[in-house]
*Asks:* 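Input: one structure, supplied below.
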Amino acid sequence: MSEKIKIKIDGKEFEVEKGITILEACKRFGIKIPTLCYHPDLTVAGICRICVVEIEGMDKLQPACAYPIDREMSIKTHSNKVRIARKTNLELILSEHYGDCYTCVRNGKCELQKLAADFGIDRYIFPSVTSPKYKIDNSSHAIVRDPNKCIHCKRCIRTCIDLQQVAALETANRGHNVQIQTALNKPISEVICINCGQCINRCPTGALRAKDPADEIWDAICDPSKFVVIQTAPSPRAAIGEEFGYPPGTCVTGKLNAALRRIGFDRIFDTNFAADLTIMEEGSELIERLKRKLVEGDKSVKLPMFTSCSPGWVKFIEHYYPQYLDHLSTCKSPQQMFGAIIKTYYAQKIGIDPAKIVTVALMPCAAKKFECNRPEMRDSGYKDVDYGLTTREMAAMIKEAGIDLHDMPDEDFDHPLGLGSGAGLIFGSTGGVMEAALRTVYEIVTGRPVPFKDLDITPIRGMEWIREASLVMENVKPEYKFLEGVEVKVAVAHGTANAKKLLRRLEEGKLDYHFIEIMACPGGCLGGGGQPIPTTPEIREARARAIYEEEKRLPVRKSHENPEIKQLYEEFLGKPLGELSHKLLHTHYTPRGKYFLGEENVL
Amino acid sequence: MGNSTLLKEKFNPEPLKEVLKEYEGEKGVLIPLLQKTQELYGYVPPEAMEMISEFTSIPVSQIYGVVTFYAQFRLKPVGKHLIRVCHGTACHVSGAEKVTDAIVNFLNVEPGDTTEDGLFTLETVACLGCCSLAPVMMIDDETYGRLDEKKVRKILRQYKSKN
Amino acid sequence: METQKRKIVIGYGSCGIAAGANKVYDKLREIVDREKIDVEISETGCIGMCFREVLVEVREPNGDSFIYGDVTPERVEKIIESHIKNNTPIDEWIVKSNKVEGSENKFFSKQMRIVLRNCGEINPESIDDYIERDGYKALEKVLKELSPEDVIDKIYKSGLRGRGGAGFPTGLKWKFTRQSPDPVKYMVCNADEGDPGAFMDRSVLEGDPHSVLEGLTIAAYAIGASTGYIYVRAEYPLAVKRLKIAIKQSHERGFLGKNILGSDFSFDIKIKEGAGAFVCGEETALIASIEGKRGMPRLRPPFPSAKGLWGHPTCINNVETLANIAWIILNGEDTYAKIGTEKSKGTKVFALAGKIKKGGLIEVPMGITLREVIYDIGGGIKGDREFKAVQMGGPSGGCIPKSLIDTPVDYDSLTKTGAIMGSGGMVVMDETTCMVDVAKFFLNFTQAESCGKCTFCRVGTKRMLEILTRITEGEGKEGDIELLEELAEKIKKSSLCGLGQTAPNPVLTTIKYFRDEYEAHIKDKKCPAHKCKKLLTYTIIPDKCTGCTACAKGCPVDAISGEVKQVHVIDQDKCIKCGECVTRCNFDAIKVE
């Protein structure tokens, strides 16, 4: 039990635990304090000073986000002294910000713009920035940096370090010349960036945004010679409603299908289908690896096997731990598997020239934009996925088309390739891939469903950064007797900072898991860098809840029982890990430099 | 001392490798390492940042952040002679600006830059601590005090003729 | 000790070297070697009279001392000839002596030297010199007779306050650090003297490094630290060199290292060279810098005394504070507490510079008035001009005007003026100094030296600088002064660290005392001190102009016209006010107003 302290906020008495910050206390009692550099996912910086409050007896104003309640105190949150200081602060920030709000991607969703409105800023006290001073960095497939909009809250830097341990961005220079820069101020495509886009999600303004392919997609839609196919991932469906005023945690799959059809997409497919396909391949790969390792003693087989669906994570390991690339599953991500299947199997099936097919992937992710542009992702003979589109960008397209999701009926996906199992659906949450894989692997090996109530493998659910579980294989089918009694140990981590912890243990030889799921983004895909802003711990939980609730209602909850998957193998692929699977569904990885100069490492 | 010819030469990691050995196992070594690097190469080359990053496990972006924070570090090689004009308070009230202007005009170089012939790099610094001799400048390790425009021109002419 | 020889001591501080001490030394060595003169040549740190460098002292075996000022290689020859060979001191060149009336004896008469007790007296590279003057006796006493609590108590009772600027009681700071439960603690000496116009710490480190080491070691004993750091500016190579020598010597003599002087106490000191950032004078920024990071201040609480270097309790004292410690231990806290005023005890070292006749390093008892410092010690204003203001406390301080020249030098009186005691920079300004320009100078400094982390300091100081710049360029607007004042108040109240919280002080004090000067710039577009270029008008006085054409030839924009031997005229539309014509004119024919 922590010690309780009596405090006064704006004259009213409260009691709180010793040590919590003033901001936390105020939030608890419904007292709103404006913030900018504060973000619930990140270490406290206390640098923007917009949250200053007055503490009786102290001459200086103190930042509410950082000041601990360590004694009885009386706090004023909107005295004139506080109010005017905050307003001056805002005026100073505005004097540095290139505020071309009309042409800004964050128009209407900008924290600075909102504060300016809240504070009734009606003129510039200081000269305003009337033209951009800095070049926009457009070099990356995924992330666009516009320093003209930057207000130096350093949320991006803290995101990249606290959550991801990548440190693509850092403060450079000093004093008024301070800028958020990459190493040597190089274009972001030339330094180590895993394209996760978490920085975008935490940027309060438009200084960071994703590279938007909407114009090209519109062109394709309006071009009658093109056949435009979209696949939608589960996480955007659980989040896009937020862009239309639904509360976080509302799944709008059916309404979204209707909206996409009205926009003019020729086919709407479910990425969950491809997730099921991934499980078929990846599960088989795991069994294959276990067999080769355990039965044949093949030392070249690497365990633990890591999942490979998260393109941010894949790039992370390519940069920092290239020596462990053989641990990555060779399976492509669902997005890429789907692209390859659409431009081969589906094109054949409906008799369309794959050259005319444009594949769009609605993803919660910025890194998917990089992934679909990887040179190795052209196994169909074409670019397997033409465009990765974020949830935010999709919402903008829907709005641009004059559609309100609220008005939409529920509609289904197109078939085949439109049926996904619950296992595929939960890919959207951290732990979901692992759960889906275990459901299938256990059943393939033993012929029985996983021994968890309602198939819910709860030990690996939730938002703990690193979670683990184990499952003993008992009474296995004869062909898998090498697995009899084997305790399959698995782990799940999200955020590459946590992945790094596991990799360090691997380096030390202390990692005895068989299979590890890693998602680059906190919360997994539902917390992806392409998701609606804000994304906070509470919002991530709400989205996860929505996904797991929806999955309960689905008729098929195991990937291997998806009839359309069975159909695909029967009609086209043959069997998991077969020749065609290898060609279309598996890939290889590229060791990349640890430093900004790429692979020309001097050491 | 800085040597502008290094600019054209390929980076030689050997001297820095030797230095790194001395710092094995110590903590808080980034700034001393950068200081040594600058002593060796006249500036902090990107390749050296990579080596230091490997050695310290500090990301290159953060090393760059440190390099650009401290006035001492340079990202470009310096000229043969480094001119540092003091702009401390005492020098300011005694005419440091005129001294700087005189150098700028005479050598046709802006503070922070190097002359085209690679002979001089001009820097303005906060305080050299010789306030009683204000205004003051240092060329390499030599201090010149009680300056005026004429004296500055005379001194610079001497350096020019030496080369 | 062998029989005392006659000693010739050269002042080898940075000032002395800058003024040519090397050349004087070479000449001296050459003559002494050539003529085989039986004298010992030695060196010492800053003697204080920077305005008379190079300084050379002749010390007679009987202890008599003669200090010569403005010594050049030529003068050395004559001093040897007359004084050394013929025992006839050259009185007119002597600046200080116990035998004859040196021209600068008065410079020392109001001074009181505790911190500088050895500066200019001993060879800073000789530990024997230091020991001879009771060096390390305080450490011995502390280790043999006093508990850490006793030491803290003594320092607390002495009334010593931090000399770095803020004036926090040193004993209290030690106590807080000692009380932190973490057994690993650090003791840090802040020698990152960054104020432009200050060189006290440098002089102490160059002139008497052991006194700092001894103070640091005693402090470490008191707080319970076994590792110490001295964070010193890399721009002070001589100080770094002498510190390194001193640390080595202390180790050899057992004043540092394991079980110092046979006690249970072990302590080691590491030197960290700063890389040039004013903000690293701020404690938490200094800690970040020692850790190898960008020197950016962090939030407090937690304070360094609870969570500092590498997360452990850390006590940071500046050079001058530590140089007081051994003296207090040896002479007693009561003796120390008798010096100074009620709330400001002891002495304070100042670097006296600017438009003053006798600029140099001085140490005065607290409570002395500014008038005494400027006129009695400093000899008044250069060129006997009118005294206008004295800037104290550097970028965090302020300008004290003539009307307050009788302010006593103590923490509280100085704070009341809007300036601060600061670390000891004292820059004197005369009527040719423009106070708006001075404010601009400091703001320019702080906005460049701000770590750039918090909004108020990063953006606020820049906006203030812009307003000041437009005022000095004749673009000032009605309301600018008020805007400056309002902005200054917000920056002071809401910035993250001490740098931002004090950055507006130079502006606020100049507005407070020299508002008319601001108004002249804004309303009349005039700079009363004739300093702000854009507000000047250059005209040629017809009576004085000889038509020599020198000005016209030198004008970079061809704004001056006139026939040879005819009176020239400046075209005001073309004139860029560069002042080149003034430099060129040999007849004082250019009027600037």
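A, B, ... follow the sequence lines: proteins, then strands. Residue 1 opens every chain.
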*Asks:* CZ of C:Phe107 to CE of C:Met49: how many Å apart, nearest 0.5 Å?
*Replies:* 7.0 Å
*Asks:* Measuring heavy-atom distances to chain B, does C:Lys357 have an atom under 4.5 Å in its side chain, in its backbone, in both, or in neither?
*Replies:* neither
*Asks:* Got a salt bridge between C:Asp437 and C:Lys533, using NZ or NE/NH1/NH2 to carboxylate O under 4.0 Å?
*Replies:*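 Salt bridge flag = no for C:Lys533 with C:Asp437.
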*Asks:* Answer with side chain, backbone, both or neither: which region of C:Lys272 has an atom nearer than 4.5 Å to a non-hydrogen atom of chain B?
*Replies:* side chain
*Asks:* What part of C:Ala448 lies closer than 4.5 angstrom to a heavy atom of chain B: side chain, backbone, both or neither?
*Replies:* neither
*Asks:* Is it the backbone or the side chain of C:Cys451 that comes under 4.5 Å from a heavy atom of chain B, or both, or neither?
*Replies:*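 For C:Cys451, the contact with chain B is made by backbone and side chain together.
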*Asks:* Heavy-atom distance under 4.5 Å to chain B: side chain of C:Ser289, backbone, both or neither?
*Replies:* both
*Asks:* Is it the side chain or the backbone of C:Lys531 that comes within 4.5 Å of chain B heavy atoms, both, or neither?
*Replies:* side chain
*Asks:* Determine the option with the most heavy-atom pairs under 4.5 angstrom with chain C, choosing from B:Leu30, B:Thr89, B:Leu34.
*Replies:* B:Thr89
*Asks:* Taking every heavy-atom pair that is under 4.5 Å apart, which of B:Ser94, B:Gly65, B:Pro32, B:Ala134 has the most such pairs with chain C?
*Replies:*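 Of the options given, most contacts go to B:Gly65.
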*Asks:* Against chain B, label C:Asp430 side chain, backbone, both or neither, depending on which of its atoms sit under 4.5 Å from a heavy atom there.
*Replies:*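 It is neither, since no heavy atom gets under 4.5 Å.
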*Asks:* Of the backbone (N, CA, C, O) and the side chain (C-beta and beyond), which part of C:Phe278 lies under 4.5 Å from a heavy atom of chain B, both, or neither?
*Replies:*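 It is neither, since no heavy atom gets under 4.5 Å.
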*Asks:* Which one, C:Gly13, C:Cys50, C:Ala353, leads in non-hydrogen pairs under 4.5 Å with chain B?
*Replies:*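 Answer, by heavy-atom pair count under 4.5 Å with chain B: C:Cys50.
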*Asks:* Do you know which of C:Ala277, C:Ala351, C:Gly295 has the most heavy-atom pairs under 4.5 Å to chain B?
*Replies:*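 That would be C:Gly295.
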*Asks:* Working to the nearest 0.5 Å, report the span between CZ of B:Phe120 and CG of B:Asn108.
*Replies:* 13.0 Å
*Asks:* State the CZ-OG1 distance between B:Phe73 and B:Thr37, to the nearest 0.5 angstrom.
*Replies:*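 OG1 of B:Thr37 is found 8.5 Å from CZ of B:Phe73.
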*Asks:* Counting heavy-atom pairs under 4.5 Å to chain B, which of C:Ala275, C:Gly359, C:Pro196 comes out on top?
*Replies:*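 Of C:Ala275, C:Gly359, C:Pro196, C:Ala275 has the most heavy-atom pairs under 4.5 Å with chain B.
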*Asks:* With C:Glu273, which of C:Lys241, C:Arg233, C:Lys244 fulfils salt bridge (charged side-chain N to carboxylate O under 4.0 Å, His left out)?
*Replies:*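 Considering C:Lys241, C:Arg233, C:Lys244, a salt bridge (charged side-chain N to carboxylate O under 4.0 Å, His left out) with C:Glu273 is found only for C:Lys244.
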*Asks:* Taking all heavy atoms of C:Thr510 and all of C:Pro506, pick out the closest pair and write down the distance.
*Replies:*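 Shortest heavy-atom contact: OG1-O, 2.7 Å.
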*Asks:* Measure the spacing between SG of C:Cys555 and CD of C:Glu580 and express it to the nearest 0.5 Å.
*Replies:*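 The distance works out to 9.0 Å.
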*Asks:* Please say whether the positively charged group of B:Lys160, taken as NZ for Lys or CZ for Arg, lies over the ring of B:Phe106, i.e. under 6.0 angstrom from the six-membered ring centre and within 45 degrees of the axis.
*Replies:*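 Yes, B:Lys160 sits over the ring of B:Phe106.
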*Asks:* Is it the backbone or the side chain of C:Phe51 that comes under 4.5 Å from a heavy atom of chain B, or both, or neither?
*Replies:* backbone
*Asks:* Counting only non-hydrogen atoms closer than 4.5 Å, does C:Ala234 touch chain B with its backbone (N, CA, C, O), its side chain (CB onward), both, or neither?
*Replies:* side chain
*Asks:* For B:Phe55 together with B:Tyr23, are the ring centres under 6.0 Å from each other?
*Replies:*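 No, ring centres 6.0 Å or more apart.
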